[in-house]
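Input: a single structure, listed below in structure tokens.
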There are 2 protein chains.
Amino acid sequence: MLSAALDDTMLALSDSTRRAILQRLAAGEARVTELAAPFAMALNAVSKHIRVLERAALVKRRKAGREHFLSLNPAPLNQAADWIEHQRNLWNDRLDALERALAEHDD
Amino acid sequence: MLSAALDDTMLALSDSTRRAILQRLAAGEARVTELAAPFAMALNAVSKHIRVLERAALVKRRKAGREHFLSLNPAPLNQAADWIEHQRNLWNDRLDALERALAEHDD
DNA sequence: CCATTATTCAACCTATCGGTTGAATATGTT
DNA sequence: AACATATTCAACCGATAGGTTGAATAATGG
């Protein structure tokens, strides 16, 4: 789990257009034009967003003729979730320790 | 859960220095200078990283004299985890539906 | 062959990032 | 008062983000 991979994943997730694209892809693969349709921006901008998602490996591309089908790759999402979960565990462990210390102090 | 808040949170998490700062803060509050010590960069750079974390509300500041004590605020981390978890559920639901469809097709 | 469709590439623009240095501001110490 | 410490502010820098427009490339359909 390279730190740079997590950088790329989190950065990719830091834009609402890209998060919406991922959400759409959870329902199944889609072409670039389909992905771009809901957004008030040029197709080129969406094409760039997809490239950011690909850099993070959140999305993979299958070319069929002139059409490019994008689909979700959940692995980096899992890594991001793992990092956050790890942080929450550290945090909770410390809070538990504090509680125990306070309880002892009350004895 | 404003989308812009999630933007800020994910962006804050997209830099390894900032992730390391959060990890350090999971062990308890720390001053700016203490947070900066492990890094090969000027104190000012770390001060800026802290500002990014504050913008995302991942960190809160308590001033005691000339010292600023930073501590973790886990709420935005939870929101980020929720978003990712939601995506994973969508994804898994769809895969389950696919499996069921395949099973029926085999009958 | 020609026109249309799907997509990327390239150049450009403005804004922000992540770092620097130097100065300012507060607070603490002697 | 003078000095040192903790921190931010301000200006600058090169690199990247996120968008645009226009042209290139590739595949499809008449």
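In the text below, chain A, chain B and the rest are named by the order of the sequence lines, each starting its count at 1.
Here A:R18 pairs with nothing under the salt bridge (charged side-chain N to carboxylate O under 4.0 Å, His left out) rule; sequence neighbours left out. Scanning for side chain to side chain contact (heavy atoms under 4.5 Å, CB included) contacts around B:A36 gives B:L43, B:V46, with sequence neighbours left out.
Atoms CZ and CG, on A:F69 and A:L25 in that order, are 12.0 Å from each other to the nearest 0.5 Å. In this structure, B:D82 CG and B:L77 CG are separated by 10.5 Å, a value rounded to the nearest 0.5 Å. Note: B:D15 CG to B:L22 CG = 10.5 Å, rounded to the nearest 0.5 Å. Rounded to the nearest 0.5 angstrom, A:R19 CZ and B:H86 NE2 are separated by 13.0 Å. Between the CD1 atom in A:I50 and the CZ atom in A:R55 there is a gap of 14.0 Å [rounded to 0.5 Å]. Atom CG of residue A:L72 and atom CD of residue A:Q23 lie 10.5 Å apart, to the nearest 0.5 angstrom.
Judged by distance alone, with hydrogens and angles left aside, the side-chain atoms of B:N73 form a donor-acceptor pair with the main-chain N or O of B:A57 at under 3.5 Å. Within the 3.5 Å criterion, the main-chain N or O of A:A30 finds no donor-acceptor partner in the side chain of A:R24.
The distance between atom CE of B:M41 and atom P of C:dG18, rounded to the nearest whole Å, is 10 Å. Put simply, CG on B:D7 is 15 Å from P on D:dA17, counting in whole angstrom units. Summarising the geometry, the separation between CG on A:L11 and C1' on D:dT16 is reported as 9 Å, rounded to the nearest angstrom.
A heavy atom lying under 4.0 Å from DNA chain D marks the following residues of residues 57-71 of chain A, by number: A:G65, A:R66. Within residues 12-40 of chain A, the residues that have a heavy atom under 4.0 Å from DNA chain C are, in order of number, A:R31, A:V32, A:T33. Heavy-atom distances under 4.0 Å link DNA chain D to A:A42, A:N44, A:A45, A:K48, A:H49 of residues 42-54 of chain A, given in residue order.
Residue A:L13 is grouped with residue B:L6 when hydrophobic side chains (ILVMFWY) are merged at heavy-atom distances under 4.5 angstrom, including chains of intermediate members.
Using a 4.0 Å cut-off between charged side-chain N and carboxylate O, A:R51 and A:E54 make no salt bridge.
The only member of B:V32, B:L58, B:L53 that meets side-chain contact (heavy atoms from CB on, under 4.5 Å) when paired with B:L70 is B:V32.
The terminal axes of the helix from C:dC1-D:dG30 to C:dT30-D:dA1, fitted over 5 pairs per end, subtend an angle of 10° to the nearest 10°.
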